[in-house]
Amino acid sequence: MISTQLHPRLTKTADGFLTLDASRIVSVTLFGGTTDSSALIYDLGSNVFGVSALALTSNKIDLSRLGGIAGQAFWLDITGSGAIVYIECDGIQAIHAAITSGQTLVAADNGKGYTVTSGTSTHRLPLTSAISANYRVAFWNQSSGDQTILVPVAQLGNGLVLNNVEAPADGVILNQNEAVFFKFDGVRWVASGNGAATTV
Amino acid sequence: MISTPIYKTQTVPASAAAQVGYTGARRLRAVLLFGGSANSQVEFKNAATDTGTVLLSVNALAGTSIFVDLSKVGGIDFGTAIYCKPAGTGAIAYVWYE
């Protein structure tokens with residue numbers, strides 16, 4: 001029998017969320033490609049870590065002795081042709097594809113569907129009372145990539161305004177190039193690009 | 001469940017040199033200097049502002065990063081405060097401290 005892996009590990013070759021839950025990064029390895037490369041990590045939009053490497057070199061940063069870096073929603077920006085980032089991170093939750101405008105979100109645990117309806121420049125994602133305070137929603141601006149916001153849905157009813165996203169009591173308005181993630185029960189994610197529910 | 005943090009962290013870009021934490025005795029535990037598009041440097045001064053004695057200086061070539069983990073040797077004491085001053089285009093200092 002082989003030993004147990006100490007920390008879950010992610011391999012990333014493109015920009016994207018690492019986690020949308022409380023987590024801790026304990027090591028980052030940047031595999032440099034054919035050009036100079038870098039990996040910048042953001043937590044709720046704030047830069048919290050970065051590492052760079054010259055072309056055809058690699059750079060590993062072991063943060064375990066320091067207790068790592070804690071965050072709520074890590075986002076990774078990668079630059080460099082062929083660069084790969086390996087991350088060891090406690091508290092990893094699988095991240096599903098974003099829901100974008102015109103797509104249908106189906107809640108797998110209660111069978112209710114939420115449809116993103118189209119508008120001229122904004123899109124509305126209806127939220128109902130069926131969504132409890134345990135659910136969270138994150139907005140992701142695909143244009144800038146690093147504008148990550150994670151808020152408890154319970155706050156949305158108070159007219160939360162974040163990142164040019166105005167959330168009235170009955171829903172959330174998404175600007176163009178923004179996507180939405182839903183989290184259920186602190187464990188599962190429901191996301192879909194074609195209307196089919198996917199549960200992690 | 002994730003583990004409990006050991007040290008405080010702070011990000012200090014070259015565009016905004018800053019005091020690390022609050023004024024008072026601090027201990028620097030580690031620094032990662034993210035080198036930008038030019039050669040970079042970061043100085044740590046024993047002061048709350050851009051004055052005082054430089055107790056640590058770290059350099060990095062353009063496009064590289066340098067990680068200095070002082071926790072193995074107990075860190076460096078700053079009796080007054082820690083002022084972090086990175087320099088170099090795109091340079092960022094990530095600081096672990098107490």
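From a predicted model like this one, the values you see are computed outputs, not experimental measurements. Here is how names work: the chains are called A, B, and so on, in the same order as the sequence lines, proteins then strands, and each is numbered from 1.
- The side-chain contact (heavy atoms from CB on, under 4.5 Å) test applied to A:Ile78 returns A:Lys12, A:Asp15, A:Leu76, A:Ala83, A:Val85, not counting sequence neighbours.
- Atom CG of B:Leu33 and atom OG of B:Ser57 lie 9.5 Å apart (nearest 0.5 Å).
- Distance CZ/A:Arg24 to CG/A:Leu63: 10.5 Å, rounded to 0.5 Å.
- In this structure, A:Thr13 has no side chain to side chain donor-acceptor pair (under 3.5 Å) partners at least two apart in sequence or on a different chain.
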Could you pull out every donor-acceptor pair under 3.5 Å between side chains of residues 66-76 of chain B and any protein atom, sequence neighbours left out?
from: B:Asp69; atom 1: OD1; to: B:Ser71; atom 2: N; distance (Å): 2.9
from: B:Asp69; atom 1: OD1; to: B:Ser71; atom 2: OG; distance (Å): 2.5
from: B:Asp69; atom 1: OD2; to: B:Ser71; atom 2: OG; distance (Å): 3.3

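- Using a 4.5 Å heavy-atom cutoff, the side chains of A:Asn47 and A:Ile41 are not in contact.
- Only the side chain of A:Ile69 comes within less than 4.5 Å of a heavy atom of chain B; its backbone N, CA, C and O stay farther away.
- The greatest number of non-hydrogen atom pairs below 4.5 Å with chain B, out of A:Leu40, A:Val51, A:Asp36, is found for A:Val51.
- Note on A:Ser52, A:Gly50, A:Ser38, A:Ser37: by heavy-atom pairs under 4.5 Å with chain B, the leading option is A:Ser52.
- Residue B:Ala60 does not touch chain A at all, counting heavy-atom pairs closer than 4.5 Å.
- Contacts of residues 83-98 of chain B with chain A at a heavy-atom distance below 4.5 Å involve B:Ile92, B:Tyr94, B:Trp96, listed in sequence order.
- B:Leu55 and B:Val31 fall within a single hydrophobic cluster, where Ile, Leu, Val, Met, Phe, Trp and Tyr are joined by side-chain heavy atoms under 4.5 Å apart, directly or via other members.
- With contacts defined as side-chain heavy-atom distances shorter than 4.5 Å, the pair B:Thr51/B:Lys45 does not qualify.
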